[in-house]
2 protein chains.
Amino acid sequence: MKRIARSFGFAFVIVGRLLASNVTLAQFDWLPSWNDGPVKQAIIKFVQTTTDSKNAQFVPPEQRIATFDQDGTLWVEHPIYTQVVFCLDRVPAVVKQKPELANVEPFKTVLSGDREAMSKLSTEDLLKIVAATLTGMTVEQFQNEVRTWVATAKDPRWKRPYTELTYLPMQELLKYLRANGYKTYIVTGGGQDFVRVYSQQVYGIPPEQVVGSAGATKFGYDKSGKPILIKEPKLLLNDDHAGKPEGIHLMIGRRPYAAVGNSTGDQQMLEYTHAGDGLRLAMIVLHNDAEREYAYGPAQGLPNTKVGTFTQSLYDEAKKNGWIVISMKDDWKQIFSKQ
Amino acid sequence: MKRIARSFGFAFVIVGRLLASNVTLAQFDWLPSWNDGPVKQAIIKFVQTTTDSKNAQFVPPEQRIATFDQDGTLWVEHPIYTQVVFCLDRVPAVVKQKPELANVEPFKTVLSGDREAMSKLSTEDLLKIVAATLTGMTVEQFQNEVRTWVATAKDPRWKRPYTELTYLPMQELLKYLRANGYKTYIVTGGGQDFVRVYSQQVYGIPPEQVVGSAGATKFGYDKSGKPILIKEPKLLLNDDHAGKPEGIHLMIGRRPYAAVGNSTGDQQMLEYTHAGDGLRLAMIVLHNDAEREYAYGPAQGLPNTKVGTFTQSLYDEAKKNGWIVISMKDDWKQIFSKQ
């Protein structure tokens, strides 16, 4: 009974504060880092409409699913995806365990530390590095490695942990949606096992609500007979482009009511979300703020990029379909969750 | 504010009743259909221990995951898996759309209605039927077909909808675990898309908490340009035997604290669950009640079966490991959720 009494006490404090401050839940500003304007208003209208039981476009709580891309949507993806940095950083440890790799490409180049040469590695080379650094260990060993790396690695430009480079406006949006009964998911082209390690701590999203590119695991027993799962170099789900709605169906089984992305890899997720009945929210972040973060497209004449490409045709599709284009420069008062 | 006020009112009624009746939450019997005895006591001890914050074996709420096999664990699987009946029932509609199949095996045999001949169909034949009846349509078309079938089809022995042939003691266990912060999942060798259609209504388990054998879908556009997902005849996850812990890792990403099954297909899930740190609950149902349900093993001298095989070696492993063997005959006062 004690715990119940305690929850009641806490709830009373909240209710008391709201009454005292004369602010209702509807008036509370959940999105203080968003500049006032059509984008912020569209988000609020979406949430108020779909949670108003008297509205024809009301969405029952259990159907309230919102999916967010991660790289470039929830946190920084330039100049190189965070998980790729992790893989490169892991190479010395892998070579230590398998010394024969030291003189074999692409490991030799990575060990040299020559950033210029590393930036020219082919996709095939990168896949070799991915296979060597993300597979061949138990899922717990991998989780421990990621946990340690995430706690210590720092972004070279901001000299801060990558986990502090999440976008404050998106963190507010996640909380706003959850406060209104939405289940928030990450749907990422990045590795599902990688993101799941820190998703709760960084975004308040539990591991089971992370959908990402996923490799197979193999059940077996270790030398002492203990059951283990070994990460295998076999891709089960390439959760990018068409793989995003396919991954959403596989892992969630419901069409989202809201989806947010920032690149061509998110196009099909946004299309799939937007094609559902009733009111849907499809949003896409335009990185047009080189000073506070990065600027890339090539939509709207922004510099071209291979990391998080946002083409002009995707921009045109967004405008034509009534998706919301978020201008990082104009819509966000503050970029990062920790200044 | 109105909704908050209403929830508070409701909570007060509950608390008031508990105080008035002098019954505390801990004393309330969540498992009235379970006979008193070591099995029921072990369940209660597991729940009380893992939810007691002062206990060394306390499990934080976010880690409380419980996984349940479906066929033979939550509902009847004999003499034939319910989903197989669905597939066979769908054959006439499939042949109507593709008349050329009428004279091709195994469709010809199924159309003949000859139960004896049907029971002799090979695995290869069944896979052809599965592919023809479970793939080639949009996910929404499939969901509608399952919804219609589930609402009308009846079990021939009890002459009642299959959804009324769930086990009352298991329904109570699901509710008891959920009332104690456990997230309940179905982890089934059956089709994930099939079970997800009725899991909320039948078990109170939302579709995103159903892990099952899953086929690929293919994202595309229909003639009007609308995005669609088509079910493909390509297996992504064979969620049985070793595939169960592998599927749990893929879809949930956490090791369960409790797992319940009834056959060799659940062995690896139980091993994986039981191998975790702290207190874990691994349970396995023995179908030894031919009168009220069915009796099959071949463990403990029960008749052999191909549907839900429970071997003697699995029984011995359960006893050796301290898993709980549930005797349907002795532990359950009532079998079905609707009498």
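Chain naming here is simple, since letters A, B, ... match the order of the sequence lines and numbering starts at 1 in each.
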For the interface with chain A, which of B:R254, B:Q200, B:Q192 has the highest count of heavy-atom pairs at distances below 4.5 Å?
B:R254

Can you confirm whether A:Q268 sits close enough to B:P227 that some side-chain heavy atom of one is under 4.5 Å from a side-chain heavy atom of the other?
no

Contact winner vs chain A - B:P206, B:G215, B:A242, heavy-atom pairs under 4.5 Å
B:A242

Taking every heavy-atom pair that is under 4.5 Å apart, which of B:V211, B:I228, B:V139 has the most such pairs with chain A?
B:V139

Greatest number of heavy atom pairs closer than 4.5 Å to chain B - which of A:G253, A:A214, A:P207
A:P207

Could you tell me whether a side-chain N or O of B:E246 sits under 3.5 Å from a main-chain N or O of A:A216, the two making a donor and an acceptor?
no

Leading residue by heavy atom contact count with chain A [cutoff under 4.5 Å; candidates B:K226, B:K218, B:K244]:
B:K218

Can you tell me which of A:E271, A:R196, A:Q209 forms the most heavy-atom pairs within a distance under 4.5 Å of chain B?
A:R196

Validation row: A:E208, B:M251 side chains within 4.5 angstrom (heavy atoms)
no

Contact class of B:L229 relative to chain A, heavy atoms under 4.5 angstrom
side chain

Under a 4.5 Å cutoff for heavy-atom pairs, which residue among A:E62, A:K183, A:Q143 has the most contacts with chain B?
A:K183

Under 4.5 Å from a heavy atom of chain B, the part of A:L250 involved
both

